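What follows is a single structure, written as structure tokens, with notes after it.
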Amino acid sequence: MTYARAKYLLKLKGQEQLLDYYDELSESERAELLNDIENTNFNILKNIEKRPAKKLGKISPIGAVTLQEIARRRQQFETVGINLLKEGKVGAVLLAGGQGSRLGFDKPKGMFDIGETHKLSIFEQQMNNIFDVTRLTGRHFPLFIMTSDVTHADTVKFFEENNYFGYPKDRVHFFEQSVAPACDFEGKIFLDKKYRVSHAPNGNGGWYSSLINSGLNKVVERENIEWLNVYGVDNVLQRICDPVFIGATVLKRCRCGAKVVKKVCAEEKVGVLCTENGKPSIVEYYEMPEKLKNKKKKGELVYCYGVTLNYLFNVHDLNATLSGKLPYHLAEKAIAHIENGERVVPDKPCGFKFETLVVDMVKMMGSCLAFEVDRSREFAPVKNPTGTDSVESARALLKQNGVIL
Ligand code: UTP
């Protein structure tokens, strides 16, 4: 793209600030910036105007397979799950494309060392959890790892350097998700560098379309994989391809399953699995009306099932339902950018990132099993350095579960 063309386009889009430092740039930097502008999806910004307060449908609580039922039927569920795993019908997808900005760690979150007396990265801890299952089944399921331009190179290198933590290398497949521009609250796209347009990963909802774009769906087809267990990098107690969860979802004839925990209090910042207009739906904590959030019956929260970012999707049903587009959400985030010629790294949200969310896929599936897990054994999210959902709280929970740090 030429300078004249970029200037014309940006004027049309109201984004002329992207050329503010053009005169200061070297030839190669100018070329880089013009190329970036050419590859920017300006249409995504329309989501700011389209953002009326989200209207929820009729919300009702959802029934779950409770801890008690799971304890009663554990063996039955587990047998079905183990058989499917032994037949190679299940794969796992790790969502590791996020920037993890709250943690304040400048590498991919999975590389964060959660150990105390010895090194133990989040990636390694999660791989150790995987070995609990492969020891049972004697078979290594394919592990698809979604990265983004910000995490890809470091993540692949880290797995290489650590010899894939002992997992067969040919069972691990990396793929990159797409990015979207990041802007201030007025919709003006930031510059990340004077010669670079600010872009951020476009949310974890793009995992299936990105898997298809990467061509890795061919592996899914070739291996006749029927179920994909999608999980986040945050939770160090995450049970991956848990046979009991798989068996329960299959026996309950659901198109997808979600591992949920009982919320500790009404204010806990987790999405809640419930039904919306009769269909399973996840309502984010900031979207839940106060009245429903606090509603209790016999002293217990009525909307009590928080999601843990561990979902099981039926591949056939994914293909059948996901031809429609996922909506973009505006995530208010602290975004590093150029301001008055200097790069600033704010500690408070200063603009929007545009994200599609995996929770919207659950809604599209139309059927979802809420599968309750014991939070002290399976839920240790690492979002912040200290306090709630932090490195501190996750370390304490790991130790409680016998992991030597
Ligand atoms: P979060 O919602 O915690 O976002 O991601 P984040 O970007 O990692 O962290 P903050 O908000 O900046 O602190 C939940 C999961 O979704 C993945 C993350 O890697 C994590 O496993 N994710 C998030 C992606 O894979 N891609 C994205 O674009 C966003």
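Just so you know, these numbers come straight off a predicted model, no measurement behind them. Read the numbers this way: they start at 1 and go in the same order the structure lists the ligands and their atoms.
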- Task: Could you tell me if the ring centre of F313 sits under 6.0 Å from that of W207?
- Result: yes
- Message: Between F123 and F159 (judged by ring centroids, cut-off 6.0 Å), do the two rings come close enough to count as a pair?
- Response: yes
Please list, one pair per line, the donor and acceptor atoms closer than 3.5 Å that link side chains of residues 86-96 to other protein atoms, with sequence neighbours excluded.
none

- Query: Could you state the interatomic distance from CG (D242) to CD (E78), rounded to the nearest 0.5 Å?
  - Reply: 8.0 Å
- Query: Near ligand 1, which residues have a heavy atom under 4.0 Å away from one of its atoms?
  - Reply: L95, A96, G97, G98, Q99, G100, S101, R102, M146, Q177, P201, N202, G203, N204, G232, V233, D234, L309, K333, K383
Side chains of residues 378-394: which donor-acceptor pairs under 3.5 Å do they make with residues two or more places apart or in other chains?
residue	atom	partner	partner atom	Å
E378	OE1	K259	NZ	2.8
K383	NZ	D234	OD2	3.4
N384	ND2	T388	O	2.9
S390	OG	G387	N	3.4
S390	OG	G387	O	2.6
S390	OG	E392	N	3.2
S390	OG	S393	N	3.2
S390	OG	S393	OG	3.4
E392	OE1	G387	N	3.3
S393	OG	S390	N	2.8
S393	OG	S390	O	3.1

- Note on the structure: The complete set of side-chain hydrogen bond (donor to acceptor under 3.5 Å, both in side chains) pairs with one or both residues in residues 90-106, sequence neighbours excluded, reads Q99-K353
